[in-house]
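Atoms within a ligand are numbered from 1 in the order they appear, just like the ligands themselves.
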Amino acid sequence: MNYREEFQKINRKLVERYAKLDDAEDFWAYLYKPLRPSIRINTLKGNLDEIKSMLEEKFELERIPWTKGEGFFIKSHDVNFGQLIEYSLGLIIPQEASSMIPPVVLDPKPGELVLDMAAAPGSKTTQIAQYMDNEGCIIANDAKQDRANILIANLNRAGVLIAKVTVKDGAYYAKYENTFDRVLLDAPCSSVGMIRKNFKFAKTWSLGKVYYHSRLQKRLILAAYKALKPGGVLVYSTCTVDPLENEEVVDFLLQKTDAKLEKIKLPLKTTEPVLEWEGRKYSEELKKTVRIHPQDNDTEAFYIAKIVKP
Ligand SMILES: C[S@@+](CC[C@H](N)C(=O)[O-])C[C@H]1O[C@@H](n2cnc3c(N)ncnc32)[C@H](O)[C@@H]1O
C-alpha cells in the first residue's frame, strides 16, 4: 500500500505540509498503523510486581524502556481495557507509550508543589502523583469543565490524593509568579500524533488550527514560565509534529525570557529538531529538545522540551 497516497485521499494539505518535514515512506506508514496498546502500572494502588504478575496471566508484556519500570506495551491487538478488573480498580492506567515521557522528564519529587496546566483527562497527572508517592500537591487544571469531570473520575480511580482540580484558562496561573517547583504544560495542539488513534485527526487537520494552537501555546508557555520558581523545571510537550507548535513556541520563550534548556537524555530514537522552517530560524539551543516521529519508536508523534528557570 502507498500510505502517502492514502493520506492524500484523506487530507491533501496535511500531506503537502508534512512531506516537507519528513517524507520518509516510514513516516506515512507508521502514521497509518494502529498504535500498540500500552499501560502504566499504578503503584499508588498496589505492588508493581504483583500487578505485573496478574497481567502476565492474560497478556505478554514488554517493558517501555524510557519509563521508570512501570510502563509496558501489551503484546495483543484487541485489549478491551473497560473489561479488565485491573483497570476498574485503578491498578493500571492505559496510556500511550510516548505520552509517558513528559512526566519522566519533569521528574517530580514527593513534597513538591506541581502545576499541571492542561491536565485532562489526567494520564500524566496520575503519573506525576505516582512519582510523588502521593506526597505534596498537584494543581491539575483544564480549561474545559466536561474534560475536568473526566479528570476527576480518573484521579479518583487512580487513588490520587494530592490533586486539586481547577477549571481555568491556563494563563490564569501567571499571577502565581515564582510559585511552583515544577510545571507541566502538555499543550492543546493540532494532534497529528493522534492520527494513529483515530483518523478523524487527519480529516479535521487544517493549517488554521496549527496557527490557532501556536498562538495559544505561546500565551500558555509564558504563563507557565512565570508561575515557575527560580531553580524549577518546566516541561513543554505536544503530540504533534508541526514546528509552529513545537520549536517555534520554545524559541519564542527563549527570546522573551531568561529561560534555559536542558538536554533530555532517554533511551529513545528521535528525529532532529527543526531549526529552520518557512524562512524562520530557531536557536541552536533547540537541539536539546526531543522530536519524536511515529516511525522512531513505533509510537505517537511527540515533542518535549525541558526548560529551567535560573
Ligand atoms: C493534550 S491535552 C492534555 C492531556 C493530558 N495532559 C493527559 O496527559 O491526560 C490538552 C488539554 O488542554 C486543554 N486546554 C485547551 N485550552 C486550554 C487553556 N487555554 N488552558 C488550559 N487548558 C486548556 C484541553 O481541554 C485538553 O484537555
Side-chain angles (χ1 to χ4, degrees), residues 35 38-40 42 67 70-71 81 90 92-106 108 114-131 138-158 160 163-176 180 182-198 201 204-205 209-227 234-242 245-246 249 292 299-305:
L35 286 166
S38 52
I39 52 113
R40 202 159 41 70
N42 179 17
T67 63
E70 73 286 23
F81 288 113
I92 60 167
I93 316 279
Q95 187 176 354
E96 204 283 320
S98 59
S99 130
M100 298 179 194
I101 301 169
V104 171
V105 174
L106 190 70
V114 176
L115 171 62
D116 189 353
M117 196 182 248
S123 41
K124 296 183 191 68
T125 321
T126 58
Q127 191 179 355
I128 290 169
Q130 178 167 350
Y131 293 162
I138 307 170
I139 303 296
N141 176 69
D142 204 276
K144 297 183 185 148
Q145 181 68 61
D146 53 339
R147 288 183 62 89
N149 291 342
I150 301 169
L151 168 65
I152 292 167
N154 285 337
L155 293 174
N156 284 339
R157 190 176 42 250
V160 174
K164 173 159 176 51
V165 174
T166 61
V167 181
K168 301 212 174 278
D169 174 10
Y172 164 85
Y173 282 95
K175 74 177 191 181
Y176 293 95
F180 293 90
R182 301 186 199 246
V183 179
L184 174 63
L185 173 53
D186 186 40
C189 70
S190 62
S191 304
V192 168
M194 303 273 278
I195 291 174
R196 292 187 68 173
K197 210 172 268 168
N198 193 327
F201 291 102
T204 57
W205 179 93
K209 282 192 179 164
V210 169
Y211 286 128
Y212 165 79
H213 281 109
S214 182
R215 278 193 301 273
L216 172 59
Q217 290 152 351
K218 285 178 182 170
R219 200 162 61 75
L220 293 178
I221 202 170
L222 278 182
Y225 188 70
K226 235 181 182 173
L234 160 64
V235 171
Y236 175 78
S237 56
T238 74
C239 63
T240 205
V241 294
D242 204 295
E245 298 181 62
N246 294 327
V249 175
I292 298 167
T299 63
E300 261 183 8
F302 240 87
Y303 176 80
I304 306 123

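- Residue contact check: A118 has heavy atoms under 4.0 Å from atoms 3 (C), 5 (C), 6 (N), 11 (C), 12 (O), 22 (N) of ligand 1.
- Where the criterion is an N or O separation shorter than 3.5 Å, residue side chain and backbone included, K124 meets it with respect to ligand 1.
- A donor-acceptor pair under 3.5 Å links the side-chain atoms of D142 to the main chain of A120, judged by distance alone.
- Donor-acceptor pairing under 3.5 Å is recorded for the side chains of Q127 and Q95.
- With a heavy-atom cut-off of 4.0 Å, R147 touches ligand 1 through its side chain alone.
- Side-chain contact between N42 and T126 is absent, with no heavy atoms from C-beta onward closer than 4.5 Å.
- Residue S190 forms a side-chain hydrogen bond (donor to acceptor under 3.5 Å, both in side chains) with just one option from T204, T240, D242, and that option is T240.
- Among all non-hydrogen protein atoms, the one lying nearest atom 7 (C) of ligand 1 is S123 OG, 3.5 Å.
- The two residues P108 and P103 make their nearest non-hydrogen contact at CD-O, 3.6 Å.
- Using a 4.0 Å cutoff on heavy atoms, S99 does not count as a contact of ligand 1.
- Nearest to atom 6 (N) of ligand 1 among the protein's heavy atoms is D186 OD2, 2.8 Å.
- Rounded to the nearest 0.5 angstrom, E300 CD and S98 OG are separated by 5.0 Å.
- Atom numbering of ligand 1 starts at 1 in the shown order; those under 4.0 Å from a heavy atom of M117 are 21 (C), 22 (N).
- Under 4.0 Å from ligand 1, the heavy atoms of A187 that appear belong solely to its backbone.
- Of the possible donor and acceptor atoms, none in the side chain of T238 sits under 3.5 Å from a partner among the backbone N and O of C189.
- Counting protein heavy atoms only, atom 19 (N) of ligand 1 is closest to D169 OD1, 2.9 Å.
- You'll find the side chain of E96 reaches within 4.5 Å of the side chain of L35, heavy atoms only.
- Using a 4.0 Å cutoff on heavy atoms, S191 does not count as a contact of ligand 1.
- Given atom 18 (C) of ligand 1, the protein heavy atom at minimum distance is A143 CB, 3.5 Å.
- Nearest to atom 24 (C) of ligand 1 by heavy atom, out of L185, D142, L216, I93, is D142.
- Checking T166 against Y172 by side-chain atom types alone, no donor-acceptor pair falls below 3.5 Å.
- Counting heavy atoms of neighbouring residues, nucleotides and ligands inside a 6.0 Å radius, atom CZ of F81 exceeds 12 of them.
- When only non-hydrogen protein atoms are considered, atom 16 (N) of ligand 1 lies nearest to P188 CG, 3.7 Å.
- The heavy atom nearest to atom 9 (O) of ligand 1, out of those in G122, C239, G170, A140, is found in G122.
- Nearest non-hydrogen protein atom to atom 2 (S) of ligand 1 is A120 O, 3.9 Å.
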